[in-house]
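All values reported here derive from a predicted model rather than from experimental measurement. No hydrogens, no waters, no symmetry mates; every other heavy atom, side chains included, goes into these values.
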Amino acid sequence: MPLTRLVYHSRCALSDNAQQRLEELRSMLATANEKNSERNITGALAFDDMHFIQVLEGERNDVWDIFQHIMRDNRHTEVRLVQFVEVPERLFSNWWMALARRTPETASLFDRLTGVNGQLNMDELTSMEMMHLMIKLAETGFDRELMPAGKVAVAKAG
């Protein structure tokens with residue numbers, strides 16, 4: 001089966017309480033790492049406190065099944081498929097699922113793509129801009145505080 005990359009964005013429906021939100025993110029990552037490792041799906045998740053952007057890479061049917069689950073997940077609203085294409089190789093092969101949040105280290109990467117309200121304007125971002133953000137976040141390094149055991153995030157894509 002061909003290697004496939006899926007990119008989507010959604011609006012966050014996690015708790016407004018910062019500590020509870022971290023626990024919910026930790027739980028999301030643990031579940032994603034478990035499910036993705038079973039299906040050999042790799043990827044990355046960016047979170048700006050209001051939106052998610054996620055890249056999933058793997059066998060077409062498995063990636064689509066995971067995406068269908070995400071669309072029914074009550075932690076996401078306004079889920080929008082951005083890209084679903086065959087690719088020659090993985091860009092995020094070093095982890096089952098990694099997370100990048102807006103932090104002092106990553107703020108400038110997010111800020112390049114924000115609108116007047118300081119948040120990502122998902123309706124105006126292209127798939128190329130989203131992928132560029134994800135690759136740059138991978139180069140900066142993903143959030144080790146929330147990373148579960150398993151494939152370890154490294155500070156590079158590919």
Side-chain angles (χ1 to χ4, degrees), residues 1-12 14 21-73 75-76 79-114 120 122 125-158:
M1 287 285 167
L3 181 62
T4 304
R5 178 174 303 125
L6 184 147
V7 180
Y8 77 89
H9 65 82
S10 65
R11 182 174 288 276
C12 170
L14 299 177
R21 181 176 278 194
L22 281 177
E23 289 306 316
E24 290 170 340
L25 284 169
R26 200 172 269 120
S27 174
M28 282 177 69
L29 281 175
T31 300
N33 273 274
E34 179 183 328
K35 301 280 186 206
N36 291 0
S37 67
E38 292 169 2
R39 294 179 169 204
N40 196 30
I41 293 174
T42 58
L45 177 69
F47 179 57
D48 77 342
D49 292 326
M50 184 178 282
H51 302 99
F52 294 107
I53 298 173
Q54 187 168 24
V55 177
L56 298 167
E57 298 172 323
E59 196 280 319
R60 184 176 199 81
N61 291 336
D62 289 335
V63 168
W64 187 251
D65 286 347
I66 295 287
F67 180 64
Q68 294 298 306
H69 175 77
I70 290 165
M71 289 188 353
R72 294 184 303 271
D73 188 326
R75 297 172 292 192
H76 300 268
V79 179
R80 303 286 186 267
L81 179 63
V82 175
Q83 185 180 72
F84 190 46
V85 297
E86 289 183 18
V87 293
E89 63 185 2
R90 296 174 193 255
L91 291 176
F92 303 98
S93 62
N94 293 318
W95 42 82
W96 303 120
M97 185 53 56
L99 170 71
R101 295 181 292 159
R102 185 189 294 261
T103 65
E105 295 78 27
T106 63
S108 65
L109 297 173
F110 283 96
D111 290 346
R112 288 181 37 257
L113 302 174
T114 59
L120 294 173
M122 302 313 295
L125 290 180
T126 67
S127 61
M128 186 170 290
E129 288 171 321
M130 289 181 202
M131 285 302 298
H132 181 73
L133 172 64
M134 299 302 284
I135 291 166
K136 289 299 182 187
L137 289 168
E139 291 171 352
T140 302
F142 283 104
D143 195 331
R144 295 179 190 279
E145 173 190 355
L146 297 178
M147 291 295 293
K151 276 196 174 184
V152 177
V154 297
K156 70 178 190 103

Check: Under 3.5 Å, is there a donor-acceptor pair between the side chain of R112 and the main chain of S108?
Finding: no
Next item on the list: Please tell me if the side chains of N40 and E59 come closer than 4.5 Å, counting only heavy atoms from C-beta onward.
Entry: no
Margin query: Which heavy atom of I41 sits nearest to which heavy atom of V63, and what is that distance?
Written below: CD1-N, 3.9 Å
Note to self: Give me the atom names and distance for the closest heavy-atom approach of L14 to R21.
What the structure shows: O-NH2, 3.8 Å
Note to self: Testing the basics here: between E129 and L125, what is the closest heavy-atom pair and its distance to 0.1 Å?
What the structure shows: OE1-CA, 3.3 Å
Item checked: Whether T31 side chain and M28 backbone form a donor-acceptor pair below 3.5 Å -> no
Check: Less than 4.5 Å apart, any side-chain heavy atom of F52 and any of R75?
Finding: no
Note to self: Which heavy atom of E57 sits nearest to which heavy atom of S93, and what is that distance?
What the structure shows: OE1-N, 4.4 Å
Notebook entry, point to check: Hey, mind stepping through V55 and Y8 against side chain to side chain contact (heavy atoms under 4.5 Å, CB included) and telling me if it holds?
Noted result: CA-CA 7 Å; V55 177; Y8 77 89; over 6 Å; no
Item checked: Interatomic distance, H69 atom NE2 to W64 atom CH2 [nearest 0.5 angstrom] -> 15.0 Å
Notebook entry, point to check: Is there side-chain contact between R39 and D65, with at least one heavy-atom pair below 4.5 Å?
Noted result: yes
Checklist line | Within-4.5 Å side-chain heavy-atom neighbours: R102 and D111 | finding: yes
Notebook entry, point to check: Heavy-atom distance under 4.5 Å between the side chains of R11 and M50, does that happen here?
Noted result: yes
Checklist line | Residue pair F92, L56: steps toward the side chain to side chain contact (heavy atoms under 4.5 Å, CB included) verdict | finding: CA-CA 8 Å; F92 303 98; L56 298 167; over 6 Å; no
Notebook entry, point to check: Under 3.5 Å, is there a donor-acceptor pair between the side chain of N33 and the main chain of M97?
Noted result: yes
Next item on the list: Give a yes or no on whether a salt bridge exists between E38 and K35, defined as a side-chain N under 4.0 angstrom from a carboxylate O.
Entry: no
Note to self: Looking at V82, is its backbone amide N or carbonyl O close enough to the side chain of S127 to form a donor-acceptor pair, meaning the two atoms are under 3.5 Å apart?
What the structure shows: no
Notebook entry, point to check: Shortest non-hydrogen contact from H51 to D48?
Noted result: N-OD1, 2.6 Å
Next item on the list: Using a strict cut-off of less than 4.0 Å between a Lys/Arg side-chain nitrogen and an Asp/Glu carboxylate oxygen, indicate whether E23 and R26 qualify as a salt bridge.
Entry: yes
Notebook entry, point to check: Do L137 and L133 have side chains that get closer than 4.5 Å, going by heavy atoms?
Noted result: yes
Note to self: Could you check whether any side-chain heavy atom of Q54 comes within less than 4.5 Å of a side-chain heavy atom of V79, counting everything from C-beta outward?
What the structure shows: no
Notebook entry, point to check: If you measure from CD1 on I53 to CG on L113, what distance do you get to the nearest 0.5 Å?
Noted result: 7.5 Å
Margin query: Looking at M128, I'd like to know if its CE atom is crowded, meaning that more than 12 non-hydrogen atoms belonging to other residues, nucleotides or ligands lie closer than 6.0 Å.
Written below: no
Note to self: Please find the pair of heavy atoms, one from V7 and one from M130, that lie closest to each other, and give the distance.
What the structure shows: CG1-SD, 4.3 Å
Notebook entry, point to check: Can R60 be said to sit on top of F84's aromatic six-ring, NZ or CZ under 6.0 Å from centre and within 45° of the ring axis?
Noted result: yes
